[in-house]
Protein chains: 4
Amino acid sequence: MPRQENTHEKILDTALNLLAQNGYKGTSIKDITDQVGLTKAAFYAHFKNKSQLLGTLIEAYETGYIDKLIQRVDEQTGNAIDKLHRLISFSSGVGLQYQKSAILFYSLSEDLKAGEDIEPIRLRCSRKLEAFLVDLFDQGKSQGLVRKDIDSTMLVHLTISFSRGMFKQAVDNASRIDGMEYVRTFRKVFFQGIKAE
Amino acid sequence: MPRQENTHEKILDTALNLLAQNGYKGTSIKDITDQVGLTKAAFYAHFKNKSQLLGTLIEAYETGYIDKLIQRVDEQTGNAIDKLHRLISFSSGVGLQYQKSAILFYSLSEDLKAGEDIEPIRLRCSRKLEAFLVDLFDQGKSQGLVRKDIDSTMLVHLTISFSRGMFKQAVDNASRIDGMEYVRTFRKVFFQGIKAE
Amino acid sequence: MPRQENTHEKILDTALNLLAQNGYKGTSIKDITDQVGLTKAAFYAHFKNKSQLLGTLIEAYETGYIDKLIQRVDEQTGNAIDKLHRLISFSSGVGLQYQKSAILFYSLSEDLKAGEDIEPIRLRCSRKLEAFLVDLFDQGKSQGLVRKDIDSTMLVHLTISFSRGMFKQAVDNASRIDGMEYVRTFRKVFFQGIKAE
Amino acid sequence: MPRQENTHEKILDTALNLLAQNGYKGTSIKDITDQVGLTKAAFYAHFKNKSQLLGTLIEAYETGYIDKLIQRVDEQTGNAIDKLHRLISFSSGVGLQYQKSAILFYSLSEDLKAGEDIEPIRLRCSRKLEAFLVDLFDQGKSQGLVRKDIDSTMLVHLTISFSRGMFKQAVDNASRIDGMEYVRTFRKVFFQGIKAE
DNA sequence: GATGAATGAGTGTTCATTCAT
DNA sequence: TATGAATGAACACTCATTCAT
């Protein structure tokens with residue numbers, strides 16, 4: 001993901017790394033500019049404030065990952081299970097580039113107070129993905145591929161729960177866990193778990 | 001969980017609430033003592049520092065929840081699946097009292113920098129639970145109840161991923177999600193997902 | 001006006017001097033605490049913020065000067081002109097202690113943006129004094145002592161205009177102007193200017 | 001006062017408005033250039049620094065208003081009282097264009113620290129006007145039109161006090177006070193107040 | 001145990017100013 | 001003339017922590 005052409009991008013890159021690692025409250029403007037090689041003041045020539053920096057990063061996640069995910073999964077044919085498989089493939093493929101963005105995104109609600117004006121963006125992203133998934137599970141049910149005794153909405157929360165946990169877990173245990181093996185395990189358990197008899 | 005007998009306990013109670021809600025960095029000593037009705041200085045008559053307060057809370061989680069969970073699940077008879085069911089029941093039963101502790105616990109790695117000296121405690125807890133679960137899944141496999149094509153360690157990470165995600169999700173969507181229904185959904189998907197053919 | 005008993009008062013005293021001299025924007029917390037011999041942080045143990053400090057000073061001006069002025073002028077007998085004379089005497093007597101407060105008060109509207117939440121207090125003080133003066137001039141008219149061809153409200157604005165100008169002028173030319181002589185001049189011109197034929 | 005021909009003038013116009021409204025400390029270069037539609041850097045192609053901008057504006061007030069005032073009042077015949085009336089007429093006529101300049105001028109001493117190198121210009125203006133007025137009052141006395149029991153210098157300070165207060169008052173109460181009515185009131189009180197028996 | 005008063009280090013943010021282009 | 005990018009110094013304010021009482 002080398003896009004370090006100009007200062008603006010350098011700040012975004014550095015910030016994403018630090019924010020994903022230390023959280024919003026745990027990352028100071030100075031931390032970021034020190035690493036980029038700037039003074040704190042220079043930061044404010046590029047971003048209105050710390051909150052706007054976060055907003056920019058989340059919106060990049062939205063357009064660069066979430067929107068693309070939905071688009072790619074939908075543009076090809078296949079049944080709901082095929083689509084879910086593609087979704088997981090996309091997540092663990094293209095998604096890798098956005099791993100840090102995802103971690104940042106999922107940490108937002110914890111650092112809640114930090115980005116009060118970020119909340120709308122966060123909600124928009126959440127709702128977008130949730131709606132898409134509910135639809136997918138409903139399709140799966142009407143195609144007779146997904147068991148009907150579980151509520152689609154609950155299934156979505158389950159899926160997202162897992163997804164957010166996975167990212168955290170991956171970071172915390174980065175050295176001990178093989179990511180690909182992890183995704184394979186998830187696939188097996190999840191698809192057997194939801195499939196209709 | 002009313003243990004407000006003395007100031008010490010009052011501080012712990014209040015701190016747990018605030019820390020679970022706003023994170024370590026997002027909670028100041030003043031926030032805590034204000035709510036308890038003390039001055040900041042009084043805090044230091046009870047705890048060496050902020051970090052020690054966190055340590056105390058995590059250790060309470062360890063002995064009050066993790067240790068008890070392991071003990072209860074093991075003390076009764078039954079096969080691995082029975083035990084896993086008991087584990088989930090315990091989590092969503094007794095565990096409710098410790099919901100805030102769990103949220104705090106799972107948020108630790110995000111607030112990493114906050115409690116550098118907390119890391120040993122956190123690791124001990126993680127390893128303890130992981131070892132117990134690996135054992136459980138291995139038992140399940142040798143009892144022919146759990147599919148053998150998935151690595152036990154990965155399965156543990158999957159389980160914990162879900163668990164941590166669940167707590168966060170539960171908090172973020174507290175108003176929108178019915179906790180019990182959620183656990184039921186998890187049970188269905190999870191047990192069908194891991195059971196041997 | 002030596003009330004330097006404790007830190008709180010010391011801050012107020014020092015702040016009043018600096019604020020009257022350099023204005024709200026021109027006076028930093030550090031300026032104040034440096035002169036008192038404290039760190040910036042100590043300031044915040046005594047005042048919520050800079051704005052509250054200003055508020056405290058203005059309210060001290062209100063109760064210590066304005067309210068007392070009105071009370072003293074009214075409590076004694078005499079006609080409107082007697083009262084106006086007493087008012088001027090009070091201003092240039094007791095008022096001397098409050099000279100800096102008055103300067104600060106009159107500078108508020110210039111530093112408008114500084115104390116957005118100060119505006120209510122400022123307005124209350126203004127209105128209080130204005131109402132009192134309008135009344136006084138009206139009395140003067142009905143007693144046949146003040147010329148009736150001038151609007152009382154305008155006369156009040158004129159009086160206050162002069163008053164605020166006087167304070168500023170007194171500061172700017174402190175070394176060149178004899179305050180008492182100045183007040184005498186004002187008395188002569190003003191009373192001859194407003195008296196009925 | 002539309003002189004927006006070139007950027008230089010545009011900056012001066014905008015700056016005058018903002019400075020009169022928010023004071024020297026309350027007006028940033030960015031405030032000015034934003035409103036003009038320039039970058040901050042561009043400002044420095046036109047003015048050496050913020051202080052020089054202020055100097056330019058004050059000097060414009062000097063030549064455009066003070067000098068002209070003195071000239072107009074003197075060039076016509078009439079006694080001292082006639083001249084004082086002309087002075088007031090000029091102030092409230094031509095002076096209207098320079099109202100903002102006057103406000104800025106009178107606010108200088110408050111924002112003292114702002115323009116250390118402005119002080120000479122400010123003093124020159126003050127002295128110029130004071131000298132002119134002292135002369136006028138002295139003429140008035142020798143013409144038997146102005147009472148002799150008051151010191152001319154004090155009378156000047158009184159006049160200027162009023163004048164500066166009037167500008168501030170006019171701004172603070174812009175919506176509540178009728179300017180012309182105000183000037184009429186001043187005329188009545190002032191001329192009766194100073195006239196010889 | 002608890003308080004009031006204080007501190008040093010830090011946070012996010014603004015501002016006047018510079019300079020290569 | 002104008003810009004984009006940068007800086008150093010300042011600012012208001014917060015926080016964990018200390019200490020005498």
Side-chain angles (χ1 to χ4, degrees), chain A residues 6-8 10-11 24-33 36-54 114, chain B residues 6-8 10-11 24-33 36-54 114, chain C residues 6-8 10-11 24-33 36-54 114, chain D residues 6-8 10-11 24-33 36-54 114:
Chain A
N6 55 51
T7 302
H8 193 88
K10 247 188 253 177
I11 292 176
Y24 188 78
K25 294 235 179 70
T27 307
S28 72
I29 305 291
K30 193 173 180 299
D31 288 342
I32 297 167
T33 50
V36 176
L38 287 172
T39 53
K40 264 191 299 173
F43 172 87
Y44 290 91
H46 294 276
F47 299 92
K48 211 185 127 239
N49 50 35
K50 199 184 174 185
S51 185
Q52 198 216 42
L53 167 70
L54 182 57
Chain B
N6 54 52
T7 303
H8 193 87
K10 246 189 251 175
I11 293 176
Y24 188 77
K25 294 242 176 65
T27 307
S28 71
I29 304 292
K30 194 174 180 299
D31 288 342
I32 297 166
T33 51
V36 175
L38 287 172
T39 54
K40 265 188 297 172
F43 172 87
Y44 290 88
H46 294 274
F47 299 92
K48 212 188 123 231
N49 50 35
K50 199 184 176 186
S51 186
Q52 201 216 41
L53 166 71
L54 181 58
Chain C
N6 54 51
T7 303
H8 193 87
K10 243 188 255 177
I11 292 175
Y24 188 77
K25 294 232 179 75
T27 307
S28 72
I29 304 293
K30 194 173 180 297
D31 288 342
I32 297 166
T33 51
V36 175
L38 287 172
T39 54
K40 264 189 298 171
F43 171 88
Y44 290 92
H46 295 275
F47 299 93
K48 211 187 126 237
N49 49 37
K50 200 185 174 184
S51 185
Q52 199 216 43
L53 167 71
L54 182 58
Chain D
N6 53 51
T7 304
H8 193 87
K10 247 189 252 176
I11 293 175
Y24 188 76
K25 293 240 176 64
T27 307
S28 71
I29 304 292
K30 194 173 180 299
D31 288 342
I32 298 166
T33 50
V36 175
L38 286 173
T39 54
K40 266 189 295 172
F43 172 87
Y44 290 89
H46 294 274
F47 299 93
K48 209 186 125 234
N49 50 36
K50 199 184 175 185
S51 186
Q52 200 215 45
L53 165 71
L54 181 58

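Lettering of chains follows the sequences in order, A, B, ..., and the numbering in each one begins at 1. The shown structure was predicted, so the numbers you read here are calculated from the model rather than taken from an experiment.
Phosphate contact (OP1/OP2 of F:dT14, side-chain N/O of C:Tyr44, threshold under 4.0 Å): absent. Residue A:His46 has a polar side-chain atom (N or O) positioned under 4.0 Å from OP1 or OP2 of F:dA6. Applying the 4.0 Å criterion to OP1 and OP2 of F:dT1, one finds that D:Thr7 has every side-chain N and O outside that range.
Using a 4.0 Å heavy-atom cutoff across all strands shown, D:Thr27 reaches sugar-phosphate atoms only and no base atom. Residue B:Ala41 is classed as a base contact, given a heavy-atom separation below 4.0 Å to a base.
Heavy-atom minimum distance, D:Lys40 versus D:Ile29: CG-CG2, 4.2 Å. Residues D:Thr33 and D:Thr39 approach most closely at CG2-O, 3.6 Å, considering heavy atoms.
Applying the ring-ring contact (aromatic ring centres under 6.0 Å, His included) criterion to B:Phe47, with sequence neighbours excluded, gives B:His8, B:Phe43.
Computed from coordinates, the B:Leu53 CG to F:dT17 P distance equals 10 Å when rounded to whole Å. Note: CD (A:Gln52) to C1' (E:dG12) measures 14 Å, nearest angstrom.
Helical stems of DNA chain E (runs of at least 3 Watson-Crick or G-U pairs, donor-acceptor distances under 3.5 Å) are listed by first residue: E:2-21 with F:2-21.
For B:His8 and A:Ser28, each mapped to the nucleotide of DNA chain E holding its nearest heavy atom, the one lying further toward the 5' end belongs to B:His8. Where A:Phe43 and B:Thr39 meet DNA chain E, the nucleotide closest to each residue was compared, and B:Thr39 sits on the side nearer the 5' end.
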